[in-house]
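Only one structure is covered here, and it is reproduced in the block below.
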Amino acid sequence: MNLDNLNNKQLEAVTSIGQPNLIFAGAGSGKTRVLTYKIAYLIKDVGLPPENILAVTFTNKAAQEMKLRVQELLDFDISSISIGTFHSISAQLLRKEIHHLGMLNNFIIYDQPDSISVIKSSIKDLGLDIKQFEPKTFKNHISQLKNKLISYEQAEILADDFLSQKVAEVYKIYQNQLSENSALDFDDLLLKPLELFKTMPNILKKYQNKYNYVLVDEYQDTNKPQFEFIYSLAQNHREICVVGDDDQSIYGWRGADISNILNFSDAFGESKIFKLEQNYRSTQNILDAAYFVISKNSNRADKKIWTQNKKGEPIYIVENLNDSIEADKILSLISENTSKGEYDFNDIVILYRTNAQSRIIEDRLRRQGIPYHIIGGVKFYERKEIKDILAYLRLISNLSDNVSLLRILNFPVRGIGKTSIEKIIKYSKEIGDSIFSVLNNIDNVNIGISQKKTIKIFVDKINEIHNTIDSIDVVDLVKKVIHEFKIKEHYDRQNTSDSNERWQNIEEFINGIIEYNDEKEEANLVKFLEEVSLLTDIDKWNDEVKQVTLMTIHSSKGLEFPIVFISGLEEGLFPISQYLDQNDELEEERRLFYVGATRAMEKLYLSYSKLRRRFGAEIMPMLVSRFITELPEENIQYIKSDYESRKMNIISKDISYKVGQLVQHSLFGKGKIVEVQGEGNESKVSVIFHGNIRKKLIAKYANLKIVYE
DNA sequence: CTTAAATACTTTTTT
DNA sequence: AGTATTTAAG
């Protein structure tokens with residue numbers, strides 16, 4: 001096949017087979033190109049059938065794109081290839097095999113909120129106070145244990161203090177609950193295949209034989225279970241190629257283990273190592289700035305990516321008085337860039353450290369009528385109204401899913417209150433059966449007659465739809481649920497702007513299902529639910545639509561935009577406060593900045609506010625982030641926000657400081673000016689305060705008030 | 001049992 | 001400021 005599009009290094013990496021490949025690929029060095037060409041090369045020139053290739057990407061969207069691009073390079077059908085995220089590949093495998101572990105193949109995947117609700121009830125079961133023992137914290141602890149491949153039995157043995165003991169106890173109950181509900185959480189999705197490989201060697205062999213070549217993208221962000229997964233598959237033939245960049249490792253907090261990439265050769269044996277260092281994405285200025293910040297990390301192998309691209313515009317530093325002015329300023333900069341037709345809205349991304357920062361920017365975008373799209377935050381499928389519908393579908397697909405059942409037992413309200421539900425749960429625990437089967441024989445539970453009547457109707461409807469599962473398509477199924485359980489009526493009755501919006505979201509959800517049903521040949525409920533659980537906002541994102549994109553820096557990994565704004569560059573926000581004096585974590589923040597900056601192709605704006613509102617009330621004074629102050633002067637240019645310069649003009653006209661004037665300072669109190677340098681707001685003023693303390697202050701920061709006698 | 005009002009809590013990042 | 005949870009009134 002034609003490999004002319006590759007540079008020498010890329011070409012070598014693409015055609016290297018016969019031993020493990022480790023490719024260090026700097027930001028923008030064309031690693032996606034290498035991976036797609038390598039897959040195409042394996043199929044066309046090496047003659048490997050597509051179904052024998054496994055390629056793991058970081059998002060489903062990246063997987064889709066990779067598949068498309070490989071297909072473009074080849075003239076025959078490659079749809080049998082396995083390209084996907086670790087989670088989706090594992091889920092597919094488990095749908096075929098998990099019955100060997102005694103679970104149902106139509107298991108449900110619990111997302112974070114689902115898991116937390118199970119953990120919450122587990123904590124309550126132990127008689128602990130959920131205010132003192134936060135479900136979210138327990139979820140994190142359990143998740144960390146799972147990422148270290150520690151079972152609850154081992155956790156119980158290892159527990160050496162009160163908290164870890166309790167964590168182990170909750171872990172055990174939680175895990176039992178999951179299996180009773182036929183549910184897996186995100187971590188289990190990675191762990192169950194390993195369990196399967198361990199207990200059923202013939203199944204391991206089957207997949208080892210199937211996947212003759214394994215490729216992994218974003219390898220620096222793989223965790224232990226993910227490593228074990230690919231190691232199990234590739235350890236014998238050692239036909240594996242991983243691509244990553246240790247400078248872009250930003251998921252340490254999720255258990256990603258940077259030693260996976262650094263010790264690759266130790267694990268897989270003698271390997272061929274490639275380094276892609278030419279960047280095709282960004283201007284020289286952007287790369288210089290990114291390099292200056294990342295080079296402050298001590299725990300890294302020094303390397304510098306280079307480019308033949310032009311120097312480009314300076315990095316713009318935007319200082320603002322507060323967060324809402326920051327949002328205004330970002331908007332005016334967007335208009336400045338788009339008004340001449342030079343850039344479109346979809347050339348622009350606004351990045352931030354925390355999702356909460358998006359709201360104020362979103363607010364301005366909406367007011368200005370600029371089209372935008374937010375990725376992350378509260379995900380579409382996590383909205384209450386969508387989860388309610390999903391809960392119906394999940395219950396219908398898997399009657400043992402207690403979490404979903406409890407969610408909808410009294411939604412829309414049908415007169416089954418707290419006391420009845422508690423009695424039902426208690427009874428189900430006593431007889432050790434699922435809640436739905438208790439409802440099936442509701443006469444055994446001591447609750448009110450009208451409640452029993454309603455439950456019987458509810459159960460009959462669920463059973464009826466459950467029985468039609470294989471005979472009607474997903475769209476009709478959803479419509480039937482909405483009709484039978486009078487969901488639309490529920491929102492119509494409220495008729496508030498909120499309820500109308502919720503109903504609109506449900507309509508969008510229905511449209512999504514119609515689309516899904518048209519696209520996929522073997523669409524069915526179980527597959528649809530799986531896709532919904534594993535699909536993220538990025539996966540659904542259409543970058544052709546002309547709208548500004550907002551997302552966290554974490555979400556931006558692997559993407560590129562002509563114009564990038566990084567907002568909220570303040571000490572305590574980015575880098576985030578908990579990490580200001582913890583070196584490992586600070587280094588990860590630094591890598592995060594590096595990732596954000598290297599998303600930019602042409603222009604990079606870094607903005608910060610001197611005051612930031614937190615929790616709606618308190619306004620915190622902020623210091624500019626070290627990531628800005630560390631940048632070399634020759635690469636940057638300062639921009640003052642409009643409001644700021646306007647305000648300064650007013651002040652500098654009105655106020656002039658003179659020697660001998662009395663002034664008031666918020667901290668030092670009353671004082672007398674003894675020296676003035678410069679004019680107006682920019683002037684430096686020396687003041688002697690009470691107690692003969694002499695201070696030299698810059699007027700615009702000191703906020704001195706003139707005292708008239 | 002339901003609804004509305006009061007109050008508590010949030011902000012690290014995600015498959 | 002916005003959302004989730006708890007409490008009080010109906």
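A note on names: the letters A, B, ... follow the listed sequences, proteins ahead of strands, and every chain is numbered from 1. This structure is a prediction, so every number in the text was calculated from the model and none was measured.
Of the possible donor and acceptor atoms, none in the side chain of A:Asn297 sits under 3.5 Å from a partner among the backbone N and O of A:Asn299. Formation of a donor-acceptor pair under 3.5 Å by the A:Tyr352 side chain with backbone atoms of A:Met551 is found in this model.
Note on A:Ser88: nothing from the nucleic acid sits closer than 4.0 angstrom, heavy atoms only. A:Asn355 comes within 4.0 angstrom of sugar-phosphate atoms only, judged by non-hydrogen atoms across all strands, and of no base. Residue A:Lys557 is classed as having no contact, given no heavy-atom separation below 4.0 Å to the nucleic acid. Looking at heavy-atom distances under 4.0 Å, A:Glu134 makes contact with sugar-phosphate atoms alone, never a base. At the heavy-atom level, A:Glu588 lies nowhere under 4.0 Å from the strands shown. Looking at heavy-atom distances under 4.0 Å, A:Phe86 makes no contact with the nucleic acid at all.
Comparing B:dC1, B:dT12, B:dT15 by their nearest atom to the side chain of A:Arg353 picks out B:dT12. Distance from the side chain of A:Ala356 is smallest to B:dT11 among B:dT12, B:dT15, B:dT11.
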Under a 4.0 Å heavy-atom criterion, the protein footprint on nucleotides 2-10 of chain C, written with B, S and -, is S--S-----
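A salt bridge links A:Glu571 to A:Arg626: at least one charged side-chain nitrogen sits closer than 4.0 Å to a carboxylate oxygen. Note on A:Arg254 versus A:Asp221: no salt bridge recorded, every NZ/NE/NH1/NH2 to OD/OE distance being 4.0 Å or above. At a threshold of 4.0 Å, the pair A:Arg612-A:Glu326 counts as salt-bridged, since one of the basic side-chain nitrogens sits closer than that to a carboxylate oxygen.
At whole-Å resolution of the value, CG in A:Asp363 and P in C:dA1 are 11 Å apart. Rounded to an integer number of Å, the gap from CG of A:Leu191 to P of B:dT15 is 18 Å. To the nearest angstrom, P of B:dT14 lies 10 Å from CG of A:Leu592. Remark: C1' of B:dT14 and CG of A:Asp537 are 11 Å apart, rounded to the nearest angstrom. Remark: P of B:dT11 and CZ of A:Arg613 are 18 Å apart, rounded to the nearest angstrom. Distance CD (A:Glu587) to P (B:dT12): 21 Å, rounded to an integer number of Å. In this structure, CG of A:Asp185 is placed 15 Å from P of B:dT15, rounded to the nearest angstrom. Residue A:Glu382 contributes atom CD, which lies 9 Å from atom P of B:dT15 at whole-angstrom precision.
Applying the 4.0 Å criterion to OP1 and OP2 of B:dT14, one finds that A:Thr552 has a side-chain N or O inside that range. Under 4.0 angstrom from either OP1 or OP2 of B:dC1 there lies at least one side-chain N or O belonging to A:Ser420. At the phosphate of B:dC1, OP1 or OP2 sits under 4.0 Å from a side-chain N or O atom of A:Thr419.
You can call A:Trp253 stacked on the base of B:dT13; the centres are under 5.5 Å apart and the planes sit within 30°.
Taking the ring centroids of A:His490 and A:Phe485, they lie at or beyond the 6.0 Å cut-off. Between A:Tyr251 and A:His554, the ring centre distance stays below 6.0 Å.
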Report all interatomic pairs (protein N or O, nucleotide N or O of nucleotides 2-6 of chain B) with separations under 3.5 Å.
residue : atom : partner  : partner atom : Å
B:dT2   : OP1  : A:Gly415 : N            : 2.5
B:dT2   : OP2  : A:Asn410 : ND2          : 3.2

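For A:Glu218, the side chain to side chain contact (heavy atoms under 4.5 Å, CB included) criterion is met by A:Lys31, A:Phe58, A:Gln220, A:Lys557, not counting sequence neighbours.
Both the sub-6.0 Å distance and the 45° axial angle are satisfied by A:Lys384 relative to the ring of A:Phe411.
Partner of A:Asp388 under the salt bridge (charged side-chain N to carboxylate O under 4.0 Å, His left out) criterion, chosen from A:Arg502, A:Arg394, A:Arg407, A:Arg383: A:Arg407.
Taking the six-membered ring where the residue is Trp, A:Trp503 and A:Tyr491 present tilted rings, their angle falling between 30° and 60°.
Two residues, A:Leu573 and A:Leu534, neighbour DNA chain B, and the one matched to the more 5' nucleotide by heavy-atom proximity is A:Leu573.
Nucleotides B:dT13 and C:dA4 place their P atoms 15 Å apart, quoted to the nearest Å.
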